[in-house]
Amino acid sequence: MSKAGDRAAWPALMAAIAAVGLMSCGRAPFNSRRPEGQQNLLRNLHSAAALFGWTSFRTSQASRVSLNDGERGGGEIEIVNPRPGAAGLRRTVPVFYEGWYQFSGEVRTQGVGAGGLGAQLRIATEYGTLLPTPELHGTSGWRSIKIYYRPGRHDNLVSVICQLGGVKRPSAGKAWFRNLRTARMRGAPPPTAAMFSGDTLELDTAAMIKPPRSGGSAVSLLLLLFGCGATAALGWRLLA
Amino acid sequence: LTRADAARVSIVLLTAIALAARLWHLGLPRDPVYDENTVLQQVGSYLRGWPFFLSLQPPLAKLLVALNIGIFGDNSWSWRIGNAGLGTALIPITYLLARRILKSRLAAVLASAMVLMDGLFLVCSRVGMINIVYMTLIAAVFLIGFIFAHSTGAIVRRRLTAAIGVLLGLCMAAKTVISALTVVLVMGFLCLHVLQSEDGTLAGRRLPRRRMIGTLALAGGLAALVYMAAFIPYYCFGWWTGLSDFAGYHLWVLRHNLDLPATSPNSSPFWSWPLMLRPFAYWKDSTDATVRVVWCGGNPVLWWEILPAIAITALRALRQREAGSAFLSIAYLAYFLMWIPIRRYLLIYDYMPAAYFGLIAVGAALEQCWHGRARRWEHMLLLMPIGAALYFGVRHGLAAAIAAAVASAYGFLLRRDGQVEGKFVCAVIAGGAAVAFIYFFPLWTGMPLAEASYNARMWFQGPGIADWR
């Protein structure tokens, strides 16, 4: 086989690596990500990208999660569980350490039974910890909810979840959410508000990302590494 | 210009284009895209002392991002530059690999061009995630495998076996499940070539036991060593203390994968991938008039070409007993069918290793056309995806006119001597892929598009699984 093409490809590979290296100078310092000052979470509701940023979930095919124009035309989320189940929408919001954030919205319910998880505007930290926000049951008009959260030093993102029913506590009924907003505050929240600080939350409660710690001695690891190395060395000798 | 010179110029040019496409506005969007969020969370654990974040995937790709952030600072450009380099390197690696598999410079250049013009490889090279890392390593390990197969000296083979072991370890340290299949394929490949005697036939009755054990021990031992070494930061930071942490992690990964649901909003069944039914947006931003999107989807012309190309390649492997064609068919099918027993939700980017070998098969099929070795039914089969792309992407009147023009030109060339109709088919398909690459380029790179233009590119809009939005 001719090696002409090969001779050209290797320098091209090296040149690509060198070019990438040369073009990498003078960049900004660590962590240039900044949170958005204020954000309407139902922005662009009327465009084709209405669901952008929102991820829907449901435990039953009968459940329905949709985005409507709403009474004021500002957009609202509608969750319908004809049978007991869990359904909703979630999206992440970038946050920044230091300072308070206000998460607010309005919730309305219709025929939500008292046994299951009611309609809830949930806030989850990046580590999966859910803030204890109020649940709405029965049939009610629009109710305003405000939650204040100060991200911990580990928080880069917070999830905002509009949910009706839980996996372990399913609910039937209907719920609507509107006017969902997040805002970074200049000062502290009012003293009577529901407020939570990320630095004082129990962070290891989320089973999903809880690291499996079974301990053990470093000797066992070193022995295994040695075993792998010895196997490779044996192979090297056998091929001599 | 000799053919060798032309190949040399072509591969340098393709690499330069790949580099430009990957670096072009690489820092946009400035916010993390899709799983960059979790990658950056882990990088924060390494660099800023954030709490330990355990991922389902091993740490190599995240360590590369951490290295880049440590060197160049924390910004969207540095999150992605390492993967842009690896994605660019994949083009010459593909050339070298296809050259070894297909023994043709033209086929190798065409295969590299196909990978260059595919959107999934471009997008994965422009985000700080893990996919292009393992993909480039898979290509590299097979390249070294083929160099091993074509080498004869014992010392050279021993060194190449060691290199294969290191690359396999790195591959597993980037993404375990797909790489586990790579280990099986590469080990099988090595065993086959150890069994072969120098005249190319299988060795006699006596098994070369010493060489076989030596090869497996060297490659396997080094692969395991490198894989475990990738977890050393976990021990250095005090997150893990012993072997039981390492073992417990793998059990946790297994359980977690078994617990994941079968579907999620962007998931798609494996059988839908060759038809490219369910690409999705990694990132999307829209104002009243414009849409910007980073779209996790391939080049539809190329993806739809893969199926006929693999069928032709598999037939050639069976009829003509071509080792290169057999390898491509087996690699494609192995990376595609491996998803059948997986019950958790899957995403279209899981198709990438299969698509990679499929794209090399497209290059091989086009080369056969160019040299007049393809039959007429193969021409027809290969032209069908172009017809489908015209049907879905172009207004029907214009599509019919283009299809009629192509059919007339083909019919006219059939009556001429010199088998130029094959060259025509090759040119139509390569040209169609290039046009689709330019057309979809804004979707892969986050360029602003008018909403009407964006919608025009969404060839499938549901209901059902066929939905590109």
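First the proteins, then the strands, lettered A, B, ... as listed; each starts at 1.
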**Heavy-atom proximity to chain A below 4.5 Å, by part of B/Ala281** = neither
Approximate separation, where rounding is to 0.5 Å, of [X] [atom1] and [Y] [atom2]:
| X | Y | atom1 | atom2 | value |
| --- | --- | --- | --- | --- |
| B/Leu222 | A/Trp236 | CG | CH2 | 9.0 Å |
| B/Arg158 | A/Leu238 | CZ | CG | 10.5 Å |
| B/Tyr234 | A/Leu221 | OH | CG | 14.0 Å |

**Prompt:** If only atom types and distance count, is the side chain of A/Ser220 paired as donor or acceptor with the main-chain N or O of B/Gly242 below 3.5 Å?
**Reply:** no
**Prompt:** Which atoms of A/Ala233 come close to chain B, meaning under 4.5 Å heavy atom to heavy atom: side chain ones, backbone ones, both, or neither?
**Reply:** neither
**Request:** Could you have a look at A/Ala230, A/Gly229, A/Cys228 and say which one has the most heavy-atom pairs with chain B under 4.5 angstrom?
**Result:** A/Cys228
How far apart are the closest heavy atoms of [X] and [Y], and which atoms are they?
| X | Y | answer |
| --- | --- | --- |
| A/Ala232 | B/Leu218 | O-CD1, 3.3 Å |
| A/Arg237 | B/Arg210 | O-NH2, 3.8 Å |
| A/Leu239 | B/Arg211 | CD2-O, 3.6 Å |

**Asked** When only pairs under 4.5 Å are counted, which of B/Leu251, B/Ile213, B/Thr215 shares the most heavy-atom pairs with chain A?
**Response** B/Thr215
**Request:** Could you tell me whether A/Arg169 atom CZ has more than 12 heavy atoms of other residues or ligands within 6.0 Å of it?
**Result:** yes
